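Here the structure is laid out as C-alpha coordinates; the discussion comes afterwards.
Small disclaimer: the values here were computed from a predicted structure and weren't measured.
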Amino acid sequence: MKLWKRLMCTCRRRSPWLFHMNSGSCNGCDIELIASLTPRYDAEQLGARLEGSPRHADILCITGPVTHNAARAVKTVYDQVLGPKAVVAIGSCPASTNVFIDSRTLDGPLSRVVPVDVFVPGCPPSPSAILQGVAKAASILAERAGKDPAPATAPELATQPDATPATGEAHL
Amino acid sequence: MNPLITALARLLIFPGLLFAVPAAWFFMWVERKAVARMQGRIGPPFMQPFYDFIKLLGKQTPPRSGASGLLMRAWPLIAVASAAGAVGLLPVLPTSGGFEGDLILLLALLELPSMCIIAAGFNSRSIFGEIGSAREAVLSVAYNIVFLLAIVSIAASQHTFRLEALAQLPASPLRWLGVLALLVCLPAKLHLNPFSLPNAEQEIYSGPLTEYAGPELAMWELSHGLEWVAATGLVATLAAPYLAVWWLAALVFVALSFAIVLLLSVVAAATARIQIDTTVRFYWQCTLIFAVLAISSALFMRLRS
(Lines give C-alpha, C1' and ligand atoms only; values in the text may rest on other atoms or scores of the structure.)
Protein backbone atom coordinates (compact mmCIF):
# COMPACT_ATOMS: atom_id res chain seq x y z
CA MET A 1 0.00 0.00 0.00
CA LYS A 2 2.82 2.35 0.90
CA LEU A 3 4.61 1.38 -2.32
CA TRP A 4 1.47 2.17 -4.34
CA LYS A 5 1.23 5.58 -2.66
CA ARG A 6 4.84 6.36 -3.47
CA LEU A 7 4.35 5.23 -7.06
CA MET A 8 1.25 7.41 -7.36
CA CYS A 9 3.20 10.35 -5.91
CA THR A 10 5.95 9.91 -8.53
CA CYS A 11 3.42 9.54 -11.34
CA ARG A 12 1.55 12.68 -10.31
CA ARG A 13 4.80 14.61 -10.19
CA ARG A 14 5.97 13.32 -13.57
CA SER A 15 2.74 13.75 -15.50
CA PRO A 16 1.19 17.20 -15.04
CA TRP A 17 -1.47 17.80 -17.69
CA LEU A 18 -2.28 21.45 -18.15
CA PHE A 19 -5.44 23.29 -18.97
CA HIS A 20 -4.97 26.86 -20.05
CA MET A 21 -7.59 29.45 -19.27
CA ASN A 22 -7.65 33.11 -20.19
CA SER A 23 -9.62 35.25 -17.74
CA GLY A 24 -9.29 38.55 -19.60
CA SER A 25 -5.59 38.54 -20.27
CA CYS A 26 -3.97 40.70 -22.96
CA ASN A 27 -2.69 37.48 -24.64
CA GLY A 28 0.92 38.22 -23.65
CA CYS A 29 1.10 35.48 -21.02
CA ASP A 30 -0.83 33.10 -23.27
CA ILE A 31 1.82 33.47 -25.96
CA GLU A 32 4.53 32.77 -23.38
CA LEU A 33 2.69 29.67 -22.14
CA ILE A 34 2.50 28.35 -25.70
CA ALA A 35 6.18 29.24 -26.15
CA SER A 36 7.02 26.97 -23.21
CA LEU A 37 5.67 24.03 -25.23
CA THR A 38 7.70 24.83 -28.34
CA PRO A 39 11.04 23.18 -29.23
CA ARG A 40 13.13 25.77 -27.43
CA TYR A 41 11.63 25.06 -23.99
CA ASP A 42 9.85 21.71 -24.57
CA ALA A 43 7.54 21.24 -21.57
CA GLU A 44 6.92 17.65 -22.67
CA GLN A 45 10.23 16.71 -21.05
CA LEU A 46 8.47 17.30 -17.72
CA GLY A 47 5.60 15.13 -18.92
CA ALA A 48 3.41 18.20 -19.33
CA ARG A 49 0.72 18.12 -21.99
CA LEU A 50 -1.71 20.88 -22.90
CA GLU A 51 -5.14 19.26 -22.73
CA GLY A 52 -8.28 20.34 -24.52
CA SER A 53 -10.71 19.51 -21.73
CA PRO A 54 -10.47 20.67 -18.10
CA ARG A 55 -11.63 17.22 -17.03
CA HIS A 56 -8.38 15.72 -18.32
CA ALA A 57 -6.18 18.26 -16.59
CA ASP A 58 -4.32 18.27 -13.27
CA ILE A 59 -3.03 21.82 -13.31
CA LEU A 60 -5.12 24.82 -14.21
CA CYS A 61 -3.01 27.62 -15.72
CA ILE A 62 -4.90 30.90 -15.48
CA THR A 63 -3.80 34.13 -17.10
CA GLY A 64 -5.43 37.55 -16.85
CA PRO A 65 -6.83 39.74 -14.06
CA VAL A 66 -10.21 37.88 -13.80
CA THR A 67 -12.78 40.24 -15.22
CA HIS A 68 -16.31 40.34 -13.87
CA ASN A 69 -17.55 38.29 -16.80
CA ALA A 70 -14.78 35.69 -16.48
CA ALA A 71 -15.11 35.08 -12.71
CA ARG A 72 -17.98 32.62 -13.00
CA ALA A 73 -16.31 30.84 -15.90
CA VAL A 74 -13.12 30.49 -13.85
CA LYS A 75 -15.09 28.95 -10.98
CA THR A 76 -16.93 26.57 -13.33
CA VAL A 77 -13.72 25.42 -14.98
CA TYR A 78 -12.03 25.04 -11.58
CA ASP A 79 -14.87 22.76 -10.47
CA GLN A 80 -14.60 20.73 -13.68
CA VAL A 81 -10.96 19.89 -13.00
CA LEU A 82 -11.08 16.74 -10.91
CA GLY A 83 -8.88 16.27 -7.88
CA PRO A 84 -6.10 16.18 -7.02
CA LYS A 85 -5.57 19.50 -8.75
CA ALA A 86 -3.46 22.64 -8.53
CA VAL A 87 -3.79 26.16 -9.87
CA VAL A 88 -0.94 28.18 -11.37
CA ALA A 89 -1.51 31.93 -11.79
CA ILE A 90 0.57 33.04 -14.76
CA GLY A 91 1.64 36.67 -14.93
CA SER A 92 1.24 39.68 -12.70
CA CYS A 93 -2.44 40.17 -13.57
CA PRO A 94 -3.89 37.20 -11.67
CA ALA A 95 -1.50 37.88 -8.79
CA SER A 96 -2.28 41.56 -8.24
CA THR A 97 -4.44 42.71 -11.21
CA ASN A 98 -1.33 44.61 -12.32
CA VAL A 99 -2.09 47.90 -14.10
CA PHE A 100 -5.83 47.24 -13.97
CA ILE A 101 -5.89 47.62 -10.20
CA ASP A 102 -9.05 49.26 -8.79
CA SER A 103 -10.89 48.80 -12.06
CA ARG A 104 -14.61 48.28 -11.42
CA THR A 105 -14.84 45.68 -14.17
CA LEU A 106 -12.58 43.26 -12.29
CA ASP A 107 -13.34 40.55 -9.78
CA GLY A 108 -9.66 39.74 -9.41
CA PRO A 109 -7.06 39.09 -8.22
CA LEU A 110 -7.43 35.38 -8.86
CA SER A 111 -6.98 34.31 -5.23
CA ARG A 112 -10.34 35.91 -4.42
CA VAL A 113 -12.07 33.53 -6.84
CA VAL A 114 -10.21 30.19 -6.57
CA PRO A 115 -7.39 28.97 -4.29
CA VAL A 116 -4.04 29.48 -6.02
CA ASP A 117 -1.02 27.24 -5.41
CA VAL A 118 1.73 28.88 -7.41
CA PHE A 119 2.14 32.45 -8.62
CA VAL A 120 4.42 33.09 -11.59
CA PRO A 121 4.88 36.86 -11.63
CA GLY A 122 6.05 38.83 -14.65
CA CYS A 123 4.50 40.89 -17.39
CA PRO A 124 4.75 38.54 -19.19
CA PRO A 125 6.79 35.89 -17.30
CA SER A 126 9.42 34.10 -19.35
CA PRO A 127 8.66 30.56 -20.54
CA SER A 128 11.34 29.11 -18.27
CA ALA A 129 9.67 30.79 -15.28
CA ILE A 130 6.33 29.28 -16.33
CA LEU A 131 7.96 25.84 -16.59
CA GLN A 132 9.43 26.27 -13.11
CA GLY A 133 5.98 27.20 -11.81
CA VAL A 134 4.41 24.15 -13.46
CA ALA A 135 7.10 21.88 -12.02
CA LYS A 136 6.50 23.36 -8.56
CA ALA A 137 2.76 22.92 -8.90
CA ALA A 138 3.32 19.30 -9.94
CA SER A 139 5.30 18.58 -6.78
CA ILE A 140 2.62 20.30 -4.67
CA LEU A 141 0.08 18.12 -6.44
CA ALA A 142 2.06 14.98 -5.65
CA GLU A 143 2.19 15.81 -1.95
CA ARG A 144 -1.45 16.78 -1.78
CA ALA A 145 -2.47 13.17 -2.59
CA GLY A 146 -6.20 13.34 -2.88
CA LYS A 147 -6.85 16.16 -0.43
CA ASP A 148 -8.32 19.17 -2.18
CA PRO A 149 -7.76 22.69 -0.94
CA ALA A 150 -10.68 24.30 0.84
CA PRO A 151 -13.25 25.63 -1.63
CA ALA A 152 -12.75 29.21 -2.64
CA THR A 153 -13.89 31.57 0.06
CA ALA A 154 -14.14 35.06 -1.27
CA PRO A 155 -15.76 37.19 1.41
CA GLU A 156 -15.16 40.43 -0.42
CA LEU A 157 -16.62 38.97 -3.57
CA ALA A 158 -19.69 37.65 -1.80
CA THR A 159 -20.55 40.84 0.07
CA GLN A 160 -19.72 43.19 -2.76
CA PRO A 161 -22.81 44.64 -4.42
CA ASP A 162 -22.98 44.14 -8.17
CA ALA A 163 -20.51 46.83 -9.11
CA THR A 164 -21.02 46.60 -12.84
CA PRO A 165 -24.34 47.99 -13.98
CA ALA A 166 -26.04 46.24 -16.84
CA THR A 167 -26.20 49.33 -19.00
CA GLY A 168 -23.44 51.77 -19.83
CA GLU A 169 -25.10 55.06 -18.85
CA ALA A 170 -24.76 54.51 -15.13
CA HIS A 171 -20.98 54.82 -15.47
CA LEU A 172 -21.39 58.50 -16.22
CA MET B 1 -3.16 -28.97 -25.05
CA ASN B 2 -6.60 -27.92 -23.98
CA PRO B 3 -7.78 -25.33 -26.53
CA LEU B 4 -9.40 -23.26 -23.78
CA ILE B 5 -6.10 -22.94 -21.91
CA THR B 6 -4.30 -22.05 -25.14
CA ALA B 7 -6.90 -19.40 -25.93
CA LEU B 8 -6.65 -17.94 -22.41
CA ALA B 9 -2.86 -17.93 -22.59
CA ARG B 10 -3.03 -16.09 -25.91
CA LEU B 11 -5.49 -13.56 -24.55
CA LEU B 12 -3.72 -12.95 -21.24
CA ILE B 13 -0.01 -13.60 -21.83
CA PHE B 14 1.36 -13.52 -25.39
CA PRO B 15 0.44 -11.71 -27.58
CA GLY B 16 -2.37 -10.73 -25.20
CA LEU B 17 -2.49 -8.42 -22.22
CA LEU B 18 0.80 -9.22 -20.45
CA PHE B 19 2.74 -8.46 -23.63
CA ALA B 20 0.36 -5.97 -25.22
CA VAL B 21 -0.02 -3.48 -22.37
CA PRO B 22 3.73 -2.72 -22.06
CA ALA B 23 3.93 -2.83 -25.87
CA ALA B 24 1.07 -0.31 -26.06
CA TRP B 25 2.88 2.04 -23.66
CA PHE B 26 6.10 1.56 -25.60
CA PHE B 27 4.42 2.33 -28.94
CA MET B 28 2.74 5.42 -27.50
CA TRP B 29 6.11 6.58 -26.21
CA VAL B 30 7.75 5.89 -29.59
CA GLU B 31 5.04 7.91 -31.32
CA ARG B 32 5.38 10.91 -28.99
CA LYS B 33 9.18 10.73 -29.03
CA ALA B 34 9.35 10.45 -32.83
CA VAL B 35 7.05 13.45 -33.26
CA ALA B 36 9.15 15.41 -30.73
CA ARG B 37 12.39 14.53 -32.51
CA MET B 38 10.88 15.54 -35.85
CA GLN B 39 9.95 18.91 -34.33
CA GLY B 40 13.44 19.38 -32.90
CA ARG B 41 12.39 18.73 -29.30
CA ILE B 42 13.73 16.18 -26.85
CA GLY B 43 10.37 14.68 -26.02
CA PRO B 44 8.88 12.78 -23.08
CA PRO B 45 10.86 10.40 -20.86
CA PHE B 46 10.66 6.66 -21.57
CA MET B 47 8.21 5.89 -18.77
CA GLN B 48 5.82 8.72 -19.68
CA PRO B 49 2.78 6.67 -20.88
CA PHE B 50 3.09 4.54 -17.74
CA TYR B 51 3.18 7.64 -15.50
CA ASP B 52 0.16 9.06 -17.31
CA PHE B 53 -1.79 5.82 -16.92
CA ILE B 54 -1.09 5.41 -13.19
CA LYS B 55 -1.78 9.09 -12.54
CA LEU B 56 -5.14 8.88 -14.31
CA LEU B 57 -6.02 5.80 -12.24
CA GLY B 58 -5.48 7.88 -9.09
CA LYS B 59 -7.75 10.74 -10.10
CA GLN B 60 -11.36 11.25 -9.14
CA THR B 61 -14.18 10.51 -11.56
CA PRO B 62 -17.06 12.89 -12.22
CA PRO B 63 -20.36 11.82 -10.68
CA ARG B 64 -22.57 10.02 -13.18
CA SER B 65 -26.07 8.77 -12.60
CA GLY B 66 -28.73 6.71 -14.29
CA ALA B 67 -28.51 4.43 -17.30
CA SER B 68 -26.56 6.92 -19.39
CA GLY B 69 -23.97 7.25 -16.61
CA LEU B 70 -23.66 3.49 -16.48
CA LEU B 71 -23.16 3.39 -20.24
CA MET B 72 -20.57 6.17 -20.02
CA ARG B 73 -18.60 3.98 -17.62
CA ALA B 74 -19.08 0.87 -19.78
CA TRP B 75 -17.85 2.20 -23.17
CA PRO B 76 -14.13 2.43 -22.28
CA LEU B 77 -14.21 -1.05 -20.72
CA ILE B 78 -15.81 -2.56 -23.85
CA ALA B 79 -13.21 -0.78 -25.97
CA VAL B 80 -10.32 -2.15 -23.91
CA ALA B 81 -11.77 -5.67 -23.90
CA SER B 82 -12.27 -5.78 -27.66
CA ALA B 83 -8.88 -4.26 -28.43
CA ALA B 84 -7.24 -6.82 -26.12
CA GLY B 85 -9.18 -9.58 -27.87
CA ALA B 86 -7.97 -8.35 -31.24
CA VAL B 87 -4.36 -8.43 -30.03
CA GLY B 88 -4.88 -11.94 -28.64
CA LEU B 89 -5.98 -13.21 -32.06
CA LEU B 90 -2.76 -12.18 -33.83
CA PRO B 91 -0.85 -15.28 -34.98
CA VAL B 92 2.59 -14.25 -33.79
CA LEU B 93 3.85 -17.68 -32.82
CA PRO B 94 3.97 -20.17 -35.70
CA THR B 95 1.89 -22.91 -34.02
CA SER B 96 -0.57 -20.63 -32.29
CA GLY B 97 -3.71 -22.36 -33.55
CA GLY B 98 -6.50 -20.10 -34.68
CA PHE B 99 -9.62 -21.14 -36.53
CA GLU B 100 -11.25 -20.65 -39.92
CA GLY B 101 -12.59 -17.11 -40.12
CA ASP B 102 -10.61 -15.58 -37.25
CA LEU B 103 -9.61 -12.76 -39.60
CA ILE B 104 -13.25 -11.65 -39.68
CA LEU B 105 -13.44 -11.75 -35.88
CA LEU B 106 -10.22 -9.74 -35.67
CA LEU B 107 -11.64 -7.07 -37.98
CA ALA B 108 -14.83 -6.86 -35.94
CA LEU B 109 -12.88 -6.52 -32.70
CA LEU B 110 -10.66 -3.87 -34.27
CA GLU B 111 -13.73 -1.90 -35.29
CA LEU B 112 -15.43 -2.07 -31.90
CA PRO B 113 -13.28 0.56 -30.08
CA SER B 114 -14.14 3.18 -32.69
CA MET B 115 -17.84 2.26 -32.37
CA CYS B 116 -17.47 2.73 -28.61
CA ILE B 117 -15.87 6.15 -29.14
CA ILE B 118 -18.79 7.20 -31.38
CA ALA B 119 -21.32 5.98 -28.81
CA ALA B 120 -19.44 7.60 -25.92
CA GLY B 121 -19.32 10.98 -27.66
CA PHE B 122 -23.05 11.03 -28.30
CA ASN B 123 -23.68 9.60 -24.83
CA SER B 124 -21.75 12.43 -23.16
CA ARG B 125 -24.16 15.02 -24.62
CA SER B 126 -21.33 17.51 -24.90
CA ILE B 127 -21.39 19.53 -28.10
CA PHE B 128 -17.71 18.81 -28.69
CA GLY B 129 -18.31 15.13 -28.07
CA GLU B 130 -21.13 15.06 -30.58
CA ILE B 131 -19.11 16.82 -33.28
CA GLY B 132 -16.19 14.49 -32.59
CA SER B 133 -18.42 11.43 -32.80
CA ALA B 134 -19.98 12.58 -36.05
CA ARG B 135 -16.49 13.08 -37.48
CA GLU B 136 -15.36 9.69 -36.22
CA ALA B 137 -18.41 8.09 -37.86
CA VAL B 138 -17.74 9.79 -41.21
CA LEU B 139 -14.05 8.90 -40.98
CA SER B 140 -14.83 5.29 -40.19
CA VAL B 141 -17.15 5.03 -43.20
CA ALA B 142 -14.44 6.61 -45.34
CA TYR B 143 -11.49 4.37 -44.49
CA ASN B 144 -13.32 1.16 -43.68
CA ILE B 145 -14.37 0.52 -47.27
CA VAL B 146 -10.75 0.62 -48.37
CA PHE B 147 -9.59 -1.27 -45.26
CA LEU B 148 -12.09 -4.10 -45.70
CA LEU B 149 -11.58 -4.34 -49.48
CA ALA B 150 -7.83 -4.63 -48.92
CA ILE B 151 -8.31 -7.40 -46.35
CA VAL B 152 -10.80 -9.24 -48.55
CA SER B 153 -8.45 -9.01 -51.53
CA ILE B 154 -5.60 -10.49 -49.48
CA ALA B 155 -7.84 -13.25 -48.17
CA ALA B 156 -9.38 -13.98 -51.57
CA SER B 157 -6.02 -14.19 -53.31
CA GLN B 158 -4.90 -16.82 -50.81
CA HIS B 159 -8.23 -18.65 -50.53
CA THR B 160 -8.55 -18.41 -46.76
CA PHE B 161 -9.93 -16.28 -43.95
CA ARG B 162 -7.67 -17.95 -41.42
CA LEU B 163 -4.97 -15.61 -40.15
CA GLU B 164 -2.37 -18.26 -39.44
CA ALA B 165 -2.70 -19.72 -42.94
CA LEU B 166 -2.38 -16.23 -44.40
CA ALA B 167 0.74 -15.60 -42.33
CA GLN B 168 2.31 -18.89 -43.46
CA LEU B 169 1.67 -18.57 -47.19
CA PRO B 170 4.41 -16.88 -49.22
CA ALA B 171 3.62 -13.28 -50.05
CA SER B 172 2.47 -12.56 -53.57
CA PRO B 173 2.74 -9.16 -55.31
CA LEU B 174 -1.00 -8.86 -54.83
CA ARG B 175 -0.64 -9.08 -51.10
CA TRP B 176 1.80 -6.18 -51.11
CA LEU B 177 -0.82 -4.07 -52.85
CA GLY B 178 -3.27 -4.99 -50.09
CA VAL B 179 -0.72 -4.28 -47.34
CA LEU B 180 -0.07 -0.88 -48.90
CA ALA B 181 -3.79 -0.08 -48.88
CA LEU B 182 -3.95 -1.17 -45.21
CA LEU B 183 -1.02 1.10 -44.38
CA VAL B 184 -2.81 4.06 -45.94
CA CYS B 185 -5.83 3.36 -43.70
CA LEU B 186 -3.82 3.09 -40.46
CA PRO B 187 -3.44 6.85 -39.74
CA ALA B 188 -7.21 7.27 -39.92
CA LYS B 189 -7.80 4.20 -37.77
CA LEU B 190 -5.38 5.47 -35.12
CA HIS B 191 -6.54 9.12 -35.34
CA LEU B 192 -3.14 10.39 -36.42
CA ASN B 193 -2.32 13.38 -38.57
CA PRO B 194 -3.36 14.07 -41.34
CA PHE B 195 -6.60 12.33 -40.31
CA SER B 196 -6.74 13.34 -36.64
CA LEU B 197 -10.23 14.75 -37.08
CA PRO B 198 -12.18 13.23 -34.15
CA ASN B 199 -9.67 14.46 -31.57
CA ALA B 200 -8.72 17.74 -33.27
CA GLU B 201 -7.72 19.62 -30.14
CA GLN B 202 -7.57 23.06 -31.72
CA GLU B 203 -11.12 22.77 -33.04
CA ILE B 204 -13.22 20.56 -30.79
CA TYR B 205 -11.07 20.11 -27.66
CA SER B 206 -10.85 16.38 -27.00
CA GLY B 207 -13.76 15.36 -29.20
CA PRO B 208 -15.73 12.36 -27.93
CA LEU B 209 -13.53 12.06 -24.82
CA THR B 210 -14.11 15.63 -23.61
CA GLU B 211 -16.30 14.57 -20.69
CA TYR B 212 -14.12 11.67 -19.55
CA ALA B 213 -11.72 11.89 -16.64
CA GLY B 214 -9.59 9.80 -14.31
CA PRO B 215 -9.72 5.98 -14.55
CA GLU B 216 -12.20 6.09 -17.44
CA LEU B 217 -9.81 8.22 -19.45
CA ALA B 218 -7.00 5.83 -18.48
CA MET B 219 -9.04 3.00 -20.03
CA TRP B 220 -9.48 5.02 -23.22
CA GLU B 221 -5.73 5.64 -23.38
CA LEU B 222 -5.12 1.93 -22.85
CA SER B 223 -7.60 0.94 -25.54
CA HIS B 224 -5.96 3.39 -27.92
CA GLY B 225 -2.57 1.85 -27.16
CA LEU B 226 -3.93 -1.67 -27.68
CA GLU B 227 -5.41 -0.53 -30.98
CA TRP B 228 -1.91 0.57 -31.94
CA VAL B 229 -0.55 -2.89 -31.13
CA ALA B 230 -3.40 -4.72 -32.89
CA ALA B 231 -3.47 -2.59 -36.05
CA THR B 232 0.29 -2.48 -36.55
CA GLY B 233 0.46 -6.14 -35.56
CA LEU B 234 -2.07 -7.08 -38.23
CA VAL B 235 -0.02 -5.37 -40.93
CA ALA B 236 3.18 -6.84 -39.51
CA THR B 237 1.66 -10.34 -39.57
CA LEU B 238 0.63 -9.98 -43.20
CA ALA B 239 3.96 -8.46 -44.25
CA ALA B 240 6.31 -10.71 -42.25
CA PRO B 241 7.97 -13.69 -43.94
CA TYR B 242 7.05 -17.06 -42.47
CA LEU B 243 9.57 -18.28 -39.91
CA ALA B 244 9.38 -21.65 -38.17
CA VAL B 245 11.54 -20.67 -35.17
CA TRP B 246 9.17 -19.13 -32.63
CA TRP B 247 11.54 -16.61 -31.05
CA LEU B 248 12.67 -15.39 -34.46
CA ALA B 249 9.02 -15.02 -35.53
CA ALA B 250 8.23 -13.01 -32.39
CA LEU B 251 11.33 -10.85 -32.91
CA VAL B 252 10.45 -10.13 -36.55
CA PHE B 253 6.87 -9.32 -35.50
CA VAL B 254 8.03 -6.81 -32.88
CA ALA B 255 10.62 -5.25 -35.21
CA LEU B 256 8.11 -4.86 -38.05
CA SER B 257 5.49 -3.35 -35.71
CA PHE B 258 8.11 -0.94 -34.42
CA ALA B 259 9.02 0.08 -37.97
CA ILE B 260 5.35 0.71 -38.83
CA VAL B 261 4.86 2.80 -35.67
CA LEU B 262 7.92 4.84 -36.60
CA LEU B 263 6.67 5.33 -40.16
CA LEU B 264 3.22 6.43 -38.97
CA SER B 265 4.71 8.87 -36.43
CA VAL B 266 6.98 10.43 -39.02
CA VAL B 267 4.02 10.88 -41.38
CA ALA B 268 1.98 12.35 -38.51
CA ALA B 269 4.71 14.84 -37.64
CA ALA B 270 5.28 15.83 -41.26
CA THR B 271 1.65 16.55 -42.16
CA ALA B 272 -1.09 18.90 -41.07
CA ARG B 273 -4.71 17.95 -40.43
CA ILE B 274 -6.93 18.00 -43.51
CA GLN B 275 -10.64 18.71 -43.64
CA ILE B 276 -13.23 15.99 -43.23
CA ASP B 277 -14.58 16.28 -46.78
CA THR B 278 -11.05 16.16 -48.20
CA THR B 279 -10.42 13.05 -46.11
CA VAL B 280 -13.50 11.31 -47.45
CA ARG B 281 -12.56 12.32 -50.99
CA PHE B 282 -9.03 11.02 -50.43
CA TYR B 283 -10.24 7.61 -49.36
CA TRP B 284 -13.14 7.25 -51.75
CA GLN B 285 -11.51 8.67 -54.86
CA CYS B 286 -7.77 8.09 -54.60
CA THR B 287 -7.27 5.06 -52.37
CA LEU B 288 -10.37 3.17 -53.39
CA ILE B 289 -8.89 2.70 -56.87
CA PHE B 290 -6.03 0.67 -55.42
CA ALA B 291 -8.33 -1.39 -53.28
CA VAL B 292 -10.68 -2.13 -56.18
CA LEU B 293 -7.66 -2.97 -58.34
CA ALA B 294 -6.41 -5.35 -55.66
CA ILE B 295 -9.72 -7.10 -55.15
CA SER B 296 -10.55 -7.39 -58.85
CA SER B 297 -7.16 -8.87 -59.68
CA ALA B 298 -7.50 -11.22 -56.70
CA LEU B 299 -10.86 -12.45 -57.96
CA PHE B 300 -9.52 -12.67 -61.50
CA MET B 301 -6.57 -14.78 -60.37
CA ARG B 302 -8.90 -16.97 -58.41
CA LEU B 303 -11.08 -17.57 -61.46
CA ARG B 304 -8.05 -18.49 -63.56
CA SER B 305 -6.52 -20.89 -61.05
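- At a 4.5 Å heavy-atom cutoff, the contact between A:Ala57 and chain B is made by backbone atoms alone.
- Side-chain atoms of B:Ile54 and A:Leu7, non-hydrogen and from C-beta on, do get closer than 4.5 Å to each other.
- There is no contact between B:Ser126 and chain A, counting heavy-atom distances below 4.5 Å.
- A salt bridge links A:Asp58 to B:Lys59: one of the charged nitrogens lies within less than 4.0 Å of a carboxylate oxygen.
- B:Leu209 has its side chain out of reach of A:Ser53: every pair of non-hydrogen atoms, C-beta onward, lies at least 4.5 Å apart.
- No other option in B:Gly214, B:Gly207, B:Gly58, B:Gly40 has as many heavy-atom pairs under 4.5 Å with chain A as B:Gly58.
- Contact of the B:Pro45 side chain with the A:Gln45 side chain is not registered, since no non-hydrogen atoms from C-beta on lie closer than 4.5 Å.
- Only the side chain of A:Arg49 has a heavy atom closer than 4.5 Å to any heavy atom of chain B.
- Taking 4.5 Å as the limit, every side-chain heavy atom of B:Thr210 sits out of range of all side-chain heavy atoms of A:His56.
- Residues A:Trp17 and B:Lys55 have side chains in contact (heavy-atom distance under 4.5 Å, counting atoms from C-beta outward).
- Between chain A and the residues B:Pro44, B:Ala36, B:Ala213, the most heavy-atom pairs under 4.5 angstrom are made by B:Pro44.
- Only the side chain of B:Leu56 comes within contact range of chain A, with heavy atoms under 4.5 Å apart.
- Contact annotation: the side chain of B:Arg41 never approaches that of A:Thr38 to less than 4.5 Å [non-hydrogen atoms, C-beta and beyond].
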